[in-house]
*Asks:* 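Next up is a structure, given as C-alpha cells.
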Amino acid sequence: MPDIVVVGAGQAGAALVAKLRALKFEGSITLLGEEPSPPYQRPPLSKAYLLGTMEEERLWLRNRAFYAEAGIELRLGAPVTAIDRTARTVTVGGERLPYGQMVLTTGSVARRLPEAAGGGLDGVFTVRTLADVDAMRPEFQPGRRLVVIGGGYVGLEAAAVAAKLGLDVTVVEMAPRILQRVAASETADWFRALHTSRGVRIREGVALDRLIGEKRVTGARLADGTELPADFVIAGVGIRPATELAEATGLALDNGIAVDEMGRTSDPAIWSAGDCASFPWKGGRLRLESVQNAIDQAEAVAANMLGAGRPYRPTPWFWSDQFDTKLQIAGLNLGYDRVVTRGPEGGSVSFWYYRGPELLAVDAVNDPRAYMVGKRLIEAGRSPAPDTVADPSTALKSLLA
C-alpha cells in the first residue's frame with residue numbers, strides 16, 4: 001500500500017490516522033498541521049477553555065506520545081503551500097513530500113468582518129483556534145464592555161462566558177432573530193430568555209454598519225444609527241470550508257471539497273473528510289460542520305482507503321453549552337414545517353421538528369432522555385405522531401416501543 005499523507009491536523013485528521021492504524025494499515029502515515037499544538041478539541045474553546053476551567057493539554061485529542069508510538073509522523077507549525085497531483089508531492093516548510101494517497105482534512109476557517117467595516121481594528125476577535133482564544137482571554141475582565149456580532153451558537157457561547165465573568169455584553173444579530181439559520185423560533189426564544197435573564201442584551205433584526213475606532217475598536221455603529229461602546233468585539237459570523245489548497249490544485253468544489261459517497265475527490269488519489277468536504281445526501285450534497293461528522297466521516301474514509309467500499313451515511317448530532325444549560329441536537333432540521341414542543345418540565349424542554357409526518361430532528365434543552373430517544377428514533381427512521389410527542393402523559397420511553 002502506498003504511503004498516506006493527511007493535510008490538516010484537526011478532529012478529522014486525528015480520527016483518520018488513528019483509524020488507519022486501528023485497521024492495521026502498516027505503511028507510513030504523515031499528519032501535517034499548520035498550528036503548533038497537536039490535534040485538539042475545538043468546541044471547548046468558546047466554553048470551558050475561554051472560561052478558564054480547562055487547560056490546553058486537556059483539549060488535546062491524544063498526547064504527543066500516541067503518534068510516536070503508533071508510527072505516525074506528526075509535523076506541526078507549518079502550512080502546506082502546494083500540492084503537485086502529477087508528481088504526487090505536497091510542499092510543506094519548503095520540503096516536497098511524496099504521497100501515494102492523500103487526505104484533505106483542512107477543516108474550516110472563521111469568517112471575519114470586512115476591513116471596510118472595521119474588521120482589521122485591534123481588539124476584534126474570532127473564535128476558531130487556540131491562538132484566537134489565547135489572544136482574547138486577557139480581555140475578559142469584569143466590567144469591560146463586549147459586543148458580539150452574530151447570534152449563532154459560537155457567539156452566544158462566548159456571550160455566556162463573558163456574562164458569567166462579569167462583563168457587560170451585547171449581542172447583535174442582523175437576522176430577525178438569534179439562531180435564525182440553525183434552529184426554530186421556539187429554541188431561539190428559550191435561549192433569548194436565558195441570556196436576557198443573565199443580563200445579556202440582545203439586538204435582533206439590525207445589521208452592523210461598522211466598528212468604530214482609529215487603531216483599536218472603541219464601539220460599534222449599527223445600521224439604525226445606534227452606537228454601542230465596546231472595549232473589544234467578537235465576530236461570530238460563521239465559518240467557511242478551507243478549500244484553498246483543493247482549489248489551487250484543481251479539485252472539484254461544491255460547497256466545499258466535493259467527494260463521492262466513499263469520500264474520494266475528483267482525483268482518485270486524494271480523499272477528504274470533515275468540515276471542508278461535501279458529500280452526496282438525499283439527491284443533493286451536504287456539508288456538516290460538527291465534531292461528530294468529522295470523526296465519523298474520517299473513520300469511514302480511512303476504511304474506504306483500505307478497500308471497505310462502504311458509502312458514508314451520516315447520523316448527525318450537535319451540542320451547545322450556555323450558562324448552566326446544555327442543548328443537545330439530534331438529526332438535521334432542514335425543510336421542517338412544524339415544531340412540536342414537549343414541556344417545559346422544570347428546566348427541561350424539547351423541540352421536535354417535523355416535515356409532514358416525518359421526524360427530522362430534536363432540540364433537547366437540559367433533557368438528555370429526549371435527546372437519546374429522539375436520536376434513536378431518527379436513526380431507525382421512525383416518526384411518532386406529533387400529538388403523541390407533545391402529550392405530557394406520554395412516557396418518552398414508550399415512543400421506542
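Here, residue 1 is the first one in the sequence, and each next residue gets the next number.
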*Asks:* Are Glu173 and Arg203 close enough for a salt bridge, meaning some N to O gap below 4.0 Å?
*Replies:* no
*Asks:* Is Arg310 salt-bridged to Glu261, cutoff N-O under 4.0 Å?
*Replies:* no
*Asks:* Charged N to carboxylate O under 4.0 angstrom, Asp189 versus Arg177?
*Replies:*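 Here Asp189 does not pair with Arg177 in a salt bridge, since their nearest N and O are not under 4.0 Å apart.
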*Asks:* Just checking Glu247: does its CD atom have more than 12 heavy atoms from other residues, nucleotides or ligands closer to it than 6.0 angstrom?
*Replies:* no
*Asks:* With sequence neighbours excluded, tell me which residues meet salt bridge (charged side-chain N to carboxylate O under 4.0 Å, His left out) with Arg145.
*Replies:*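 With neighbours one apart ignored, the set is Asp231.
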*Asks:* Looking only at side-chain N and O atoms, does Arg96 offer a donor or acceptor that is under 3.5 Å from a partner on Thr89?
*Replies:*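 Yes, side-chain donor-acceptor contact under 3.5 Å.
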*Asks:* Could you check whether any side-chain heavy atom of Val169 comes within less than 4.5 Å of a side-chain heavy atom of Arg201, counting everything from C-beta outward?
*Replies:*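 They are not in side-chain contact.
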*Asks:* Under a 4.0 Å threshold between the charged nitrogen and the carboxylate oxygen, would Arg75 count as salt-bridged to Glu95?
*Replies:* yes
*Asks:* In chain order, what residues pass the side chain to side chain contact (heavy atoms under 4.5 Å, CB included) check against Arg111, with sequence neighbours excluded?
*Replies:* Val237, Arg240
*Asks:* Judged by modelled atom types alone, do Asp132 and Thr129 share a side-chain donor-acceptor pair under 3.5 Å?
*Replies:*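 There is such a pair (donor and acceptor under 3.5 Å, judged by atom type) between the side chains of Asp132 and Thr129.
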*Asks:* Got a donor-acceptor contact below 3.5 angstrom from the Thr341 side chain to the Phe351 backbone?
*Replies:* no
*Asks:* Under 4.0 Å between a side-chain nitrogen and a carboxylate oxygen: does that hold for Asp321 and Lys47?
*Replies:*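 No, this pair does not count.
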*Asks:* Does Glu26 pair with Arg21 as a salt bridge, N-O distance under 4.0 Å?
*Replies:*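 No, no charged N to carboxylate O under 4.0 Å.
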*Asks:* Is the ring centre of Phe140 less than 6.0 Å from the ring centre of Phe232?
*Replies:*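 For Phe140 and Phe232, the ring centres are under 6.0 Å apart.
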*Asks:* Tell me yes or no: between the side chains of Asp367 and Ser348, is some donor less than 3.5 Å from an acceptor?
*Replies:* no
*Asks:* I'd like to know if the side chain of Arg285 reaches the main chain of Val259, judged simply by a donor and an acceptor atom lying under 3.5 Å from each other, with no hydrogens or angles considered.
*Replies:* yes
*Asks:* What I want to find out is whether Glu139 reaches Arg137 closely enough, with some N-O distance under 4.0 Å, to be called a salt bridge.
*Replies:*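 Not counted as a salt bridge, because no side-chain N and carboxylate O are separated by less than 4.0 Å.
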*Asks:* Evaluate the criterion ring pair (Phe, Tyr, Trp, His ring centres under 6.0 Å) for residue pair Tyr354 and Tyr336; output intermediate values, then yes/no.
*Replies:* CA-CA 5 Å; Tyr354 283 82; Tyr336 72 92; over 10 Å; no
*Asks:* So that I can tick it off, tell me whether Arg221 and Glu227 are bridged by a salt bridge, with the cut-off set at under 4.0 angstrom between side-chain N and carboxylate O.
*Replies:* yes
*Asks:* Establish, from distance only, whether the side-chain atoms of Tyr371 and Asp363 form a donor-acceptor pair under 3.5 Å.
*Replies:*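 Not at all, the side chains of Tyr371 and Asp363 share no donor-acceptor pair under 3.5 Å.
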*Asks:* Can we say Asp324 and Arg198 salt-bridge, meaning some charged N sits less than 4.0 Å from an Asp/Glu carboxylate O?
*Replies:*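 Yes.
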*Asks:* Has Arg62 got a side-chain atom pairing as donor or acceptor with Phe66's backbone, closer than 3.5 angstrom?
*Replies:*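 Not at all, since once roles are kept as given, no pair shorter than 3.5 Å links the two residues.
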*Asks:* Side chains of Tyr99 and Asp84: do they bring a donor and an acceptor to under 3.5 Å?
*Replies:* no
*Asks:* Quick one: do the Asp267 and Thr265 side chains pair a donor with an acceptor below 3.5 Å?
*Replies:*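 Side chains of Asp267 and Thr265: no pair found under 3.5 Å.
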*Asks:* Assess, by modelled atom type and distance only, whether the side chains of Arg342 and Ser350 contain a donor and an acceptor separated by less than 3.5 Å.
*Replies:*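 Arg342 vs Ser350: no donor-acceptor pair found between side chains.
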*Asks:* Could you tell me whether Glu35 and Arg42 make a salt bridge, using a distance below 4.0 angstrom between a side-chain N and a carboxylate O?
*Replies:* yes
*Asks:* Flag the pair Glu379 and Arg376 as a salt bridge only when some basic side-chain nitrogen lies within less than 4.0 angstrom of an acidic carboxylate oxygen.
*Replies:* no
*Asks:* Does the pair Gln322 and Ser320 meet the rule for a side chain to side chain donor-acceptor pair (under 3.5 Å), with working shown?
*Replies:* CA-CA 7 Å; Gln322 298 171 43; Ser320 177; 3.0 Å; yes
*Asks:* Walk me through it: do Arg128 and Asp134 pass the test salt bridge (charged side-chain N to carboxylate O under 4.0 Å, His left out)?
*Replies:* CA-CA 11 Å; Arg128 187 63 189 164; Asp134 286 343; over 6 Å; no
*Asks:* Between the side chains of Trp271 and Gln101, is a donor N or O closer than 3.5 angstrom to an acceptor N or O?
*Replies:*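 A donor-acceptor contact under 3.5 Å links the two side chains.
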*Asks:* State, without any angle test, whether Ser37 and Glu56 hold a side-chain donor-acceptor pair at a distance under 3.5 Å.
*Replies:*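 Side-chain D/A pair, Ser37 to Glu56: present.
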*Asks:* Check this for me, if you would: do Arg338 and Asp387 make a salt bridge, where the nitrogen-to-carboxylate-oxygen distance has to be below 4.0 angstrom?
*Replies:*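 So Arg338 pairs with Asp387 through a salt bridge.
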